[in-house]
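Remarks on the structure that follows.
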There are 2 protein chains.
Amino acid sequence: MTRAEENYIKTIFHLGGNASQLISTNAIAEQMETKPSSVTDMAKKLADKNLVKYVRYQGVSLTDLGIKTALSIIRKHRLWEVFLVKKLDFTWDEVHEVAEQLEHIKSEKLVDKIDELLDFPKYDPHGDPIPTKSGEFLERDKQLLSELEIPSSGICVGVKDTSATFLKFLDKNHIALGHEITVLEKEDFDDSLKIRIAGRELQISNQIATNLYVKKES
Amino acid sequence: MTRAEENYIKTIFHLGGNASQLISTNAIAEQMETKPSSVTDMAKKLADKNLVKYVRYQGVSLTDLGIKTALSIIRKHRLWEVFLVKKLDFTWDEVHEVAEQLEHIKSEKLVDKIDELLDFPKYDPHGDPIPTKSGEFLERDKQLLSELEIPSSGICVGVKDTSATFLKFLDKNHIALGHEITVLEKEDFDDSLKIRIAGRELQISNQIATNLYVKKES
DNA sequence: AATTAAATTTAGACAAATCTAAAAATTTGT
DNA sequence: ACAAATTTTTAGATTTGTCTAAATTTAATT
């Protein structure tokens with residue numbers, strides 16, 4: 001498998017192309033910052049390799065083999081992210097770019113040993129679940145911060161947007177995975193929230209609240 | 001820099017193409033298992049980028065920039081090898097293939113952090129020196145086992161051949177870096193040696209002895 | 001249902017890295 | 001020194017992954 005092929009498979013997975021839902025070439029092109037015609041070419045190639053189902057003018061979806069492949073790549077990506085943060089003191093906004101490269105290293109032993117070194121983590125630094133060697137993974141029971149009742153509280157367990165700008169904003173405001181977040185008030189005008197985190201009160205926009213996942217205390 | 005360019009630079013360095021010595025396209029092609037015509041093409045490209053000096057029909061040698069680049073790649077390669085052995089329990093015959101991939105990862109921070117994690121090692125698992133961030137490195141004072149006087153002894157500090165078959169042979173015979181090797185006798189007929197290592201006596205061929213580096217006890 | 005708009009595919013081109021076969025330059029042998 | 005052998009380069013082709021522009025199909029609108 002070439003690097004380009006792997007990147008397509010990963011993107012299709014992230015766009016929901018498992019579950020026999022067809023993803024349009026346009027959507028893939030936009031996500032990958034490439035042209036629809038390039039996607040068409042690759043779709044044919046991946047279909048030849050039995051990694052995707054491709055229906056002309058309709059789109060692509062991953063085959064079982066494609067899903068298995070995608071999970072393997074995602075597993076590697078997320079394990080490397082944990083490694084970078086836990087062992088090399090990278091911040092969570094720095095890991096993505098490097099993990100994008102490391103995920104393509106071909107060595108089963110390497111991945112499994114990294115997994116072992118990290119003591120088999122279940123989630124990456126952004127709270128996303130890490131597939132096991134056999135491809136199983138559990139999406140955590142979580143909800144957007146914007147959907148919490150008011151007032152109530154939850155534990156911060158993940159982020160939706162993983163861009164460096166967003167993650168740096170969170171760092172600056174002492175918002176990190178594992179912290180308790182209490183929603184105190186909602187402003188009806190713009191849906192902004194007043195929250196308490198790490199002992200501080202903070203006003204956050206709806207755009208922030210719709211990119212933070214929390215788990216309600218049980 | 002593309003991966004192919006990096007591999008050419010590294011190969012030229014290993015063939016001695018620093019020090020203004022010109023390396024032939026044939027030699028490079030043979031080493032890289034490619035064709036001389038491909039080397040010619042790449043030589044022009046690297047010359048355009050000021051990484052090598054290229055004289056038609058004569059060969060190539062690295063420029064200062066080329067040497068700096070080569071040392072950076074070799075540094076990464078050897079640090080990853082140490083990482084694989086020390087942190088992930090790879091054996092020394094398993095590391096090369098994976099390090100060949102890891103050496104192309106582009107992240108200065110990553111290399112420096114790996115260096116730090118390993119406590120700034122000076123030698124890789126085969127006894128080869130690791131260039132520092134600024135490109136300095138000391139070739140160890142060493143000699144081939146075949147060149148030791150008889151009888152005398154030295155510490156095993158490196159291997160010349162790093163192929164998996166050779167390294168596995170060494171493992172099987174309990175020969176590892178850091179061990180003391182005593183040369184007891186030389187067989188005039190075939191230059192084979194009787195040695196003592198790790199408390200055992202062993203007969204080794206001249207081919208083995210010319211691929212093992214030792215440092216005389218001081 | 002026909003026309004317009006949008007999405008998708010095809011056709012042809014390009015850059016990177018490689019190859020083969022033929023031409024040119026260099027080296028070797030006598 | 002000159003022919004033969006070797007090495008190196010050139011020219012043209014191939015593969016992968018991409019692009020643009022034109023053609024085709026599907027979807028939307030009136």
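Just so it is clear, the model here is predicted, and its values are computed rather than measured. Lettering follows sequence order; numbering is per chain, from 1.
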Point to revise | Length of the line joining A:Ile28:CD1 and C:dT9:P, which is rounded to integer Å | key: 10 Å

Check your understanding: Judged by modelled atom types alone, do B:Glu136 and B:Ser134 share a side-chain donor-acceptor pair under 3.5 Å?
Key -> yes

Check your understanding: Taking the side chain of B:Asn26 as heavy atoms from C-beta outward, which of D:dT20, D:dT10, D:dT8 is closest to it?
Key -> D:dT8

Study note, to complete from the structure: When rounded to whole Å, the CD to P distance for the pair A:Glu6 and D:dT16 reads 16 Å

Review point. For B:Asp115, which of B:Lys122, B:Lys133, B:Arg75, B:Lys109 qualifies under salt bridge (Lys or Arg N to Asp or Glu O under 4.0 Å)?
Key: B:Arg75

Practice item. From the options D:dT8, C:dT9, C:dA21, select the nucleotide whose nearest atom is closest to the side chain of A:Pro36. Key: C:dT9

Review point. Atom CZ of A:Arg3 and atom P of D:dT15: how far apart are they, to the nearest Å?
Key: 23 Å

Check your understanding: Do A:Asp124 and A:His77 have side-chain N/O donor and acceptor atoms under 3.5 Å apart?
Key -> no

Tabulate protein N/O versus nucleotide N/O from nucleotides 22-27 of chain C, keeping only pairs under 3.5 Å, one per line.
| residue | atom | partner | partner atom | Å |
| --- | --- | --- | --- | --- |
| C:dA25 | O4' | B:Tyr57 | OH | 3.4 |

Check your understanding: Can you tell me if the side-chain N/O atoms of B:Tyr8 get under 4.0 Å from OP1 or OP2 in C:dA16?
Key -> no

Exercise for review: Find the distance B:Met42:CE to D:dT8:C1' and express it as a whole number of Å.
Suggested key: 17 Å

Exercise for review: Check every strand shown and say whether A:Ser38 touches a base, only sugar-phosphate, or nothing at a heavy-atom separation below 4.0 Å.
Suggested key: base

Point to revise | Nearest to side-chain heavy atoms of B:Thr25, which nucleotide of C:dT9, D:dT9, D:dT16 | key: D:dT9

Study note, to complete from the structure: In whole angstroms, the gap separating P of D:dT7 from CD of B:Glu30 amounts to 10 Å

Revision key, fill the gap. Sorted by chain and residue number, the side-chain contact (heavy atoms from CB on, under 4.5 Å) partners of A:Ala176 (sequence neighbours excluded) come out as A:His179

Review point. Between D:dT18, C:dT10, D:dT9, which nucleotide has the shortest distance from any of its atoms to the side chain of A:Ala4?
Key: D:dT18

Exercise for review: Would you please indicate yes or no on a ring centroid separation below 6.0 angstrom for B:Phe83 and A:Phe83?
Suggested key: yes

Point to revise | Short side-chain N/O contact to C:dC19 OP1/OP2 from B:Thr34, under 4.0 Å | key: yes

Check your understanding: Only one of B:Lys76, B:Arg3, B:Lys10 forms a side chain to side chain donor-acceptor pair (under 3.5 Å) with B:Glu103, so which one is it?
Key -> B:Lys10

Point to revise | Between D:dT16 (C1') and A:Lys49 (NZ): distance, integer Å | key: 10 Å

Check your understanding: In whole angstroms, how far is the C1' atom of D:dA22 from the NZ atom of A:Lys35?
Key -> 16 Å

**Study point:** 5' priority, DNA chain D, between A:Glu5 and B:Ala27 [closest heavy atom]
**Key:** B:Ala27

Exercise for review: Sequence neighbours left out, what passes side-chain contact (heavy atoms from CB on, under 4.5 Å) with B:Ser61? Give chain and number order.
Suggested key: B:Leu22, B:Lys53

Practice item. Using atom CG of A:Leu22 as one end and atom C1' of D:dT26 as the other, report the distance to the nearest whole Å. Key: 14 Å

Review point. Can a side chain N or O of B:Ser37 be found less than 4.0 Å away from OP1 or OP2 on C:dT20?
Key: no

Check your understanding: Is there a donor-acceptor contact under 3.5 Å linking the side chains of A:Ser24 and A:Asn26?
Key -> no

Check your understanding: So which nucleotide from C:dT9, C:dT18, D:dT10 ends up closest to the side chain of B:Lys44?
Key -> D:dT10

